Number of protein chains: 2
Amino acid sequence: MEEQFSQVASLIGDPVRAKILWALMDKRAYTATELAVYADTTPQNISMHLNKLVKADLLAVESQGRHKYYNYSRPEIAYAIEALASLLPKEEPKTAYTADEKPIRFCRSCYDHLAGKVGVTLTEALLKQAYIIKDADSFSVTAEGETWFDQFGINLEELKKQKRYFAKPCLDWSERKHHLAGALGAGLLNRMIEDGWVRRVNNSRAIIVTGKGEQRMMEHLKISLK
Amino acid sequence: MEEQFSQVASLIGDPVRAKILWALMDKRAYTATELAVYADTTPQNISMHLNKLVKADLLAVESQGRHKYYNYSRPEIAYAIEALASLLPKEEPKTAYTADEKPIRFCRSCYDHLAGKVGVTLTEALLKQAYIIKDADSFSVTAEGETWFDQFGINLEELKKQKRYFAKPCLDWSERKHHLAGALGAGLLNRMIEDGWVRRVNNSRAIIVTGKGEQRMMEHLKISLK
DNA sequence: TTCACACTTAATTCTAAAATGAAGTATCGA
DNA sequence: TCGATACTTCATTTTAGAATTAAGTGTGAA
């Protein structure tokens, strides 16, 4: 028992791994390379450390193409890190915990669904309104959700027929949080473009939210984009 | 910041130090030698580790003659240890956390005041009834306490004149918790012997509680010795 | 299909810090 | 006052595991 306890603690205690765990405190996922830069070490080294953390079930990985996004594997990890941090000889709080909020990131479309700040916020709103719920590895639509999507002009039956994931959580590269991908995500984006909520910027992947869109999001989902 | 975080974590992460911190989870103080035995290492080594923990303000020391008793320096330490323990891959709880309660330890007098199980229980009861309160480094008697001690036949003014600490917290070697020492502790023991609450066993240091004593303790201080 | 990129793996080197050995010092009990 | 005990200090050795070197593999874009 103390054996395992000691193992977990020493796992956290290495300087590089401590930095990794510290960086992840902001609840966003980071790639191996980013963490290497942050911890000021080489890719090989960070790879080794990340592996140890994953094996010990302190971190979870999510592969996205040639990237790997790392995150806490479960909420207890964050609690433990905070408990440890509370032991630090406390100095002036200074600017700590002030402006975590970065300038609003651009709204981009990830392949064909809606990602970026807007995509994440939208997904969180859908979850909050209980129109969708997140299971282990996918989203599913609730009864209320079915009504809502229907009203919005989205045919769920149609989408389900498509040869692709229906509603898959996708990790956004700028927000580092999950957003709605798969057929449902794409359908939502299409419908929003059709209805003039958002607009593509001159053929690029970038997306901007229209005034109407902002208004409607507030009406339908109580979303304020600030 | 991460620097300090890493330092604290690696401090906890060493196998020997992890064992020390683990042992202290039961909220009792241990001596260096005991911890050395527990952690299966040498006195020199445990001394080195204990020093590191004290310097980092994770542990506090209390010297008692040639012994040194170690304990967490503040409650946050216990929280952090528990938070870390909660990360362990959980196996069967088995017999863990079952019978922490050891067979009742013998009631001994520590120099001339009352120590052991009874001394600690008594002190805790006095605190609970708010007859005494514990400050930084000593006990002091409250207004209600003055009345109570007076009724019990203890002259506080008399005791205060003595050339010794009036009411000092003393760490008991078997219970590993603080109990009342100094003039007040001695006075209390004397009065209890006089009044037949407790009796010395054939000139040894051992003390036994009489039937009358048990009854009176319940009456006066709501103490049940089990 | 080819290159660059993101990340891995394995073998080797390096190093911080844990353990040991050989002195101490302070306290208690006889 | 004289051990025995509890703990410390310092100089030296040992070692676990972090970092490095030198290959890889798999993915995406041109």
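Here the structure is a predicted model, which is why all the values come from computation and not from measurement. Heavy atoms only: backbone and side chains are in, while hydrogens, waters and symmetry mates are out. The chains referred to below are lettered A, B, ... by the order of the sequence lines, with proteins before strands, and numbering in each begins at 1.
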Within residues 40-55 of chain A: residues closer than 4.0 Å to DNA chain C (heavy atoms):
A:Pro43, A:Gln44, A:Ser47, A:Asn51

Looking only at D:dC7, C:dA18, D:dG28, the nucleotide nearest the B:His67 side chain is D:dC7

All side-chain contact (heavy atoms from CB on, under 4.5 Å) counterparts of B:Asn155, not counting sequence neighbours
B:Glu157, B:Glu158

From CG of B:Asp14 across to C1' of D:dG17 the rounded distance in Å is 13 Å

Would you mind reading off the distance between B:Ile12 atom CD1 and C:dA17 atom C1', rounded to a whole angstrom?
17 Å

For the pair made of CZ in A:Arg66 and C1' in D:dT27, what is the distance, rounded to whole Å?
6 Å

Quick one: side-chain contact (heavy atoms from CB on, under 4.5 Å) partners of B:Thr41, sequence neighbours excluded?
B:Val16, B:Ala39, B:Asn45, B:Ile46

Identify, with sequence neighbours excluded, every residue that meets side-chain contact (heavy atoms from CB on, under 4.5 Å) alongside B:Asp57.
B:Ser73, B:Arg74

According to side-chain contact (heavy atoms from CB on, under 4.5 Å), who are the partners of A:Val54, at least two apart in sequence or on a separate chain?
A:Leu59, A:Val61, A:Tyr70

Which sits closer to the 5' end of DNA chain D, B:Thr33 or A:Val16, going by the nucleotide each is nearest to?
B:Thr33

Let me know the distance between NZ of B:Lys68 and C1' of C:dT25, rounded to the nearest Å.
11 Å

All N/O donor-acceptor pairs, side-chain side in residues 17-25 of chain A, below 3.5 Å, sequence neighbours left out:
from	atom 1	to	atom 2	distance (Å)
A:Arg17	NE	A:Leu11	O	2.6
A:Arg17	NH1	A:His49	ND1	3.1
A:Arg17	NH2	A:Ser10	O	3.4

What is the distance, rounded to the nearest whole Å, between atom OH of A:Tyr69 and atom P of C:dA6?
11 Å

Distance in angstrom units between B:Gln64 CD and C:dC28 P, rounded:
9 Å

What's the spacing between B:Leu53 CG and B:Asn51 CG if we round to 0.5 Å?
9.0 Å

Rounded distance in Å - CZ (B:Arg17) to P (D:dA16):
16 Å

